[in-house]
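So that the names make sense, note that chain A is the first sequence line, chain B the second, and so on, each numbered from 1.
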Amino acid sequence: MSAYVIFLLNKHWYTARGKLSLPPNWIGHSLNSPVLNGNLGPKMEAFQLLSRGGANFDKNRFKNDVKLFSKPKAMTPKGKLWSQPLEGELPLELDFFKYAQGGSGKRKTFDTLESGDEPKGKKRKMEEEDVRVDDESDFGLEEAPAIAKQRVTTRGTNVPVHINTFLELKDRYQIPTHIISNLSQHGYTQPTGIQSYGIPILLESRDLAAISPTGTGKTLSYLVPVLASLGTPASSAKSDTGSGVRAIVIAPTRELAHQIYNECLKLAQGRKWRVVLFSKATASTLADKSVRDKVDIIISTPLRLVTSLQSGKLELGNVRHLILDEADRMLDVEFLPQMEEIFASCTHPQIQKAVFSATLPAGAEKIAMGILHDPIRVVVGLKDTPLPLISQSLTYVADDPSKLPSLLTYLAQPYNPPVLIFTSSQPRATSLAEELVLNGIPNVDCLHAGLSQKEREDAVSRMRRGESWVMVSTEVMARGMDFKGVREVINYDFPTSIQSYVHRIGRTGRAGREGKAVTFFTDEDGPFLKSIANVLLQSGSPVPEWILKLPKPSKMKRKTMGKVKRPESINPARRVGRSDAIKKRDMIAGSKRRKDKAETKTSGSKSQVSGVDA
DNA sequence: AAAAAAC
């Protein structure tokens with residue numbers, strides 16, 4: 001730890017390794033502050049970098065410090081490191097926020113990829129050579145390590161032999177070469193467990209129930225075979241593919257659907273596939289049947305699909321591949337009626353169905369098996385268990401008011417951004433994000449389904465670009481979202497089920513990387529502590545003995561797992577309308593509406609004076 | 001229990 005390698009790229013901060021980022025407690029402190037006591041060498045460098053344009057650096061406040069260090073300095077040989085990367089592009093090595101695209105801007109109705117399109121990766125490759133690093137081993141963490149071999153169990157009739165390399169797919173199933181090259185071009189060289197088993201099964205037109213831990217590449221294990229078996233794009237003149245969409249992928253949140261869509265585009269590069277991310281806008285353009293019939297794949301949330309079905313603007317009679325991502329979520333009580341309507345509309349006799357999830361509780365599995373025809377069940381690792389690569393811990397915080405101080409203490413120590421924090425409700429997410437901002441935590445962000453679509457998309461793309469260091473969120477983010485850089489997850493509010501816990505902490509430790517998960521628990525969470533503790537134990541994280549000795553929660557208590565009433569505001573002591581700090585730092589998307597309210601209140605105070613309360 | 005999924 002003798003030197004800190006810090007990158008300032010596009011006005012944002014990166015460090016080469018996860019272990020030590022710029023300690024957050026440096027930020028917001030003057031250089032004379034005791035926090036910065038000691039050797040100023042590397043800190044000075046960091047400070048200079050900060051003063052050159054750190055995202056939230058308050059130059060006014062630190063005017064003197066800036067002067068102190070701002071003697072004009074010749075570009076160092078390493079200067080190239082932070083000199084003008086392409087707008088919006090990260091050098092390949094730093095692109096651990098892989099899907100930089102996020103949900104930005106307007107898109108064409110169809111993001112059709114022509115063979116002439118330039119691969120997105122190209123620009124980045126050019127940058128690659130410009131990057132020099134003091135200690136190359138620092139990057140070790142960022143390279144996707146090989147995924148540890150995990151036990152795979154299969155159940156079903158005539159299970160196809162698994163593959164060991166993607167290339168085998170070409171010999172065995174004659175899948176199009178461009179799919180294989182797209183895979184390798186995007187860095188997918190070796191199939192993961194679920195991919196090596198799942199892809200052959202789907203390519204042999206079998207139904208599949210796939211259970212594989214978070215971050216092990218489930219998305220590709222259905223996108224590859226679906227694209228491969230669609231064969232010819234529907235727009236092609238010689239297609240004999242019937243009319244209407246032929247493959248559907250359903251996911252529980254818009255963010256996840258969007259992410260799947262991005263993956264699909266990567267894989268589809270070079271062919272004229274019509275992949276549609278279903279939304280209000282795309283749905284209306286599909287009202288035209290001639291347009292609709294040229295669509296190959298639709299990726300959607302369930303309600304969106306049902307709405308279009310009911311208004312007669314969509315038929316699913318030609319669907320030959322139906323994929324449920326996060327299947328247990330899709331089949332639970334809230335989504336089930338919608339899903340049943342979708343199943344009923346998929347009338348093609350040769351439809352192939354597949355369900356994917358990291359967790360599949362008995363009830364959901366039973367429903368799934370009822371839908372699938374002669375299914376093969378593949379389980380990678382242990383069902384309902386997080387990856388052993390995630391080091392998990394439980395932190396006692398007594399009661400709800402104690403959580404905020406505990407979190408602030410935690411964030412005052414060096415941590416590994418970005419950190420993902422889960423709360424139990426939307427207001428609590430907004431409120432917590434505000435508290436963190438007001439307490440000087442840098443680059444706080446917030447995301448929940450109460451925000452506008454645009455706000456949600458912006459928050460996701462900030463996260464993808466690495467601009468968010470601390471993301472406060474609700475269950476929306478719990479499933480499927482793949483932010484490669486997330487190294488720490490904090491369960492600020494106790495998860496409401498084992499599945500929720502497994503998925504939440506599965507936002508870290510993806511693609512074979514290490515991760516850390518901290519779960520706060522209060523006295524009220526006590527009855528449910530043991531079941532989570534068992535999850536920790538099963539995946540190899542230590543658990544204090546006293547927790548294991550807790551009695552099993554009674555049936556009644558278990559039924560009400562997570563039914564803990566929590567106040568909406570994280571810090572009730574703080575008055576609403578105080579948020580000058582927030583007005584200045586318009587960084588929390590979710591605070592917008594609140595802010596407006598606060599402003600009306602303040603301006604209303606005038607009339608209060610004159611009217612002194614009628 | 002809350003969140004999520006349209007319009």
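- Taking only side-chain nitrogens and oxygens, A:R456 never comes nearer than 4.0 Å to OP1 or OP2 of B:dA4.
- The phosphate of B:dA1 (OP1 or OP2) has no side-chain N or O of A:S424 nearer than 4.0 angstrom.
- Residues A:N534 and A:S531 bring no donor and acceptor atom of their side chains to less than 3.5 Å of each other.
- For A:F343, there are no ring-ring contact (aromatic ring centres under 6.0 Å, His included) partners two or more places apart in sequence or in a different chain.
- Distances were taken from every side-chain heavy atom of A:Q426 (C-beta onward) to each of B:dA5, B:dA3, B:dA2; the shortest belongs to B:dA3.
- Atom P of nucleotide B:dA5 and atom CZ of A:R329 are separated by 9 Å, given to the nearest angstrom.
- Under 4.0 angstrom from either OP1 or OP2 of B:dA6 there lies at least one side-chain N or O belonging to A:R254.
- Taking the ring centroids of A:Y396 and A:F521, they lie under the 6.0 Å cut-off.
- Listed by chain and residue number, A:Y222 satisfy the ring-ring contact (aromatic ring centres under 6.0 Å, His included) test with A:F356 (two or more places apart in sequence, or in another chain).
- Checking the phosphate oxygens (OP1, OP2) of B:dA5, no side-chain nitrogen or oxygen of A:T307 falls inside 4.0 Å.
- With rounding to whole Å, A:Q499 atom CD is found 15 Å from B:dA2 atom C1'.
- Within 4.0 Å (heavy atoms only), A:P302 reaches no atom of the nucleic acid at all.
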